[in-house]
Amino acid sequence: MGKPTGFMEYNRELPKKRPPAERVKDWKEFALPFPEESVRKQGGRCMDCGVPTCHAGCPLGNLIPDWNDLVYRGRWESALRALHSTNNFPEFTGRLCPAPCEEACVLGINEPAVTIEEIEKQIAEMGFKEGWIKPEPPATRTGKKIAVVGSGPAGLACAQQLNRAGHTVTVFERDARIGGLLRYGIPDFKMEKWVIDRRLAVMEAEGIEIRGGVHVGRDITGDDLTSKFDAVVLCTGATRPRDLPIPGRDLDGVHFAMDFLGQQNRRVGGESWSDAPPILAEGKHVIVIGGGDTGSDCIGTSNRQGALSVTNFELLPRPTEDRPDNQPWPFWPMRLRTSSSHEEGCDRFWSLLTKEFIGKDGKLVGLRTVELEWVPGQNGGRPSMQEKPGTEKEWKADLVLLALGFLGPEADSVVAQLGLQVDERGNLRTAGDYRTSRKGVYAAGDNRRGQSLIVWAISEGREAARQIDLDLMGVTDLPTKGEGDLPRA
Ligand SMILES: Cc1cc2nc3c(=O)[nH]c(=O)nc-3n(C[C@H](O)[C@H](O)[C@H](O)COP(=O)(O)OP(=O)(O)OC[C@H]3O[C@@H](n4cnc5c(N)ncnc54)[C@H](O)[C@@H]3O)c2cc1C
Ligand code: SF4
């Protein structure tokens, strides 16, 4: 432990954000720089607990107390090595992870948790600034060729691990640019896209071939891939959005969140698209249905586009601000979360069911809702929703964005060509070892586990790579969760 009394001397501190009124005028990231001395103090708050529950709370098994200690001591390069040994892309998770590790931090039982996510970001940024993050091509090649389909965090992590094991890796991506939801879902104000490009340059210099604009299943068939490559990994995401099939759904002005967000990210990136008219919030009353990350990103994007008003509906009841009694430490609690986008301005409503979209001449002008009562299930069973009589309400809306989650991978193209099985939830069926129902074809990320998080996608990509290496070579040196590289002294 860097400083035994650190947690008593220093308060939790995060970098300041640019004020909402200023940041909604552009698409740049909102966090201001954090001085090195402040980051080191935050590292000094870590108690290096005998049983580091943060480490177990992180899906990658990041060696958190170790790099907190190294940061406190100013040994940044060693901290970077320890961090990189379990996480390929700490600059993504350091900006975007909801940090389940912090909910599991022991200090968090009675004090604000250690700022683990921020320290992670600062280690990665220091690594790039100092030139310590360099291409690490393998010393020898195995002669095995592997195709990775999809360039989200799962595909990229899988590709980097397989390449490090000496295999020759090609990543196929149907979008013009690389990154999956990092590129086209997550807005630039949460992560500017040069952050992805900087990492891609390292990966290409390591010898990974990355091919954008190739739709596997159309431009090249699944069977072509399996005949040309020794293994194929599908990291194609959970791209089927959940719909709201109520009266008025086909009105002009009701859109899926990803259609709206993807267009804006392309606009910021200077890309054009030809397949759909622009969806813009400027001068409109916007209602975002769905209270998760995607809904929050729609709120921040609508405010930046100049919406007249932004309102957010959630079906579930308003969570409590504190950890609920039935979700004790160190588990991830369902509590009220207020994102930077919420801070920028929106009215939030919970326990609301949308019954109908209202239109005039084919155009959306509003919607109708009813309030819900959530009735606890018997013997701790799932609560059920009941409409509250007399609570129907009409709302004015010119644009509705549906952010209701995702239903799993598309099943019509490469999945159908390869004859892969899906499970009862529509996700690709795999054994625990990432093997699909077809020999030599693997799956990792949201297409296998369902809509999830970046940290889980990276974890799945790494674990799938390890399994493939083992299957192809009979042995593997690739690490599994939490197997990291620590400096000796
Ligand atoms: C709007 C939004 C905001 C989010 N914000 C956060 C956040 O702040 N923090 C967080 O942790 N998580 C967030 N998530 C979740 C996170 O982005 C995903 O869990 C993660 O990106 C999943 O990674 P993946 O690699 O499995 O899939 P994806 O990132 O979805 O990548 C899949 C890729 O496969 C490509 N593909 C699909 N089919 C084919 C094909 N046939 N041929 C070629 N390419 C194909 C797709 O084009 C895509 O690029 C967010 C999700 C959304 C939608
Ligand atoms: S990746 Fe996420 S869960 Fe893991 S240490 Fe970083 S912030 Fe915490």
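Atoms within a ligand are numbered from 1 in the order they appear, just like the ligands themselves. Throughout, residue positions are numbered sequentially from 1 according to the sequence presented. Quick caveat, the model's predicted, so the values are computed rather than measured.
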For Asn62, the atoms of ligand 2 under 4.0 Å from one of its heavy atoms are 1 (S), 4 (Fe), 5 (S), 6 (Fe)

Can a salt bridge be assigned to the pair Arg95 and Glu192 using a cut-off of 4.0 Å between side-chain N and carboxylate O? no

May I ask you to decide whether Arg348 forms a salt bridge with Glu314, counting only side-chain N to carboxylate O separations under 4.0 Å? no

Side chains of Trp76 and Val39: closer than 4.5 Å at any heavy-atom pair? yes

min-distance protein heavy atom vs atom 8 (Fe) of ligand 2 -> Cys101 SG, 2.1 Å

What protein heavy atom is closest to atom 2 (Fe) of ligand 2, reported as residue, atom name and distance in Å? Cys97 SG, 2.4 Å

Could you tell me the residue and atom name of the protein heavy atom closest to atom 4 (Fe) of ligand 2, and the distance to it rounded to 0.1 Å? Cys58 SG, 2.3 Å

Say whether Thr86 and Asn62, considering side chains only, have a donor N or O and an acceptor N or O under 3.5 Å apart. yes

Are a donor atom and an acceptor atom from the side chains of Thr221 and Gln417 found within less than 3.5 Å of each other? no

Between Arg164 and Glu206, does any side-chain N to carboxylate O distance fall below 4.0 Å? yes

If you count the atoms of ligand 2 from 1 in the order shown, which ones are under 4.0 Å from a heavy atom of Glu117? 7 (S)

With heavy-atom distances below 4.0 Å as the criterion, list the atoms of ligand 2 near Val455. 1 (S)

Under 4.0 Å from any heavy atom of Glu120, which atoms of ligand 2 are there? 1 (S), 5 (S), 6 (Fe), 7 (S)

Test applied, salt bridge (charged side-chain N to carboxylate O under 4.0 Å, His left out); reference residue, Arg198; option that passes from Glu125, Glu91, Glu204: Glu125

Glu117 and Thr93: side-chain donor and acceptor closer than 3.5 Å? no

Residues around ligand 1, heavy atom under 4.0 Å from any ligand atom, sorted by chain and number. Can you pull those? Leu96, Pro98, Val149, Gly150, Ser151, Gly152, Pro153, Ala154, Phe172, Glu173, Arg174, Asp175, Gly180, Leu181, Gly185, Ile186, Lys190, Val214, His215, Val216, Cys235, Thr236, Gly237, Leu261, Asp293, Thr294, Asp297, Phe406, Gly445, Asp446, Ser452, Leu453, Ile454, Ala457

Pair Gln421, Ser437: side-chain N/O donor-acceptor within cut-off below 3.5 Å: no

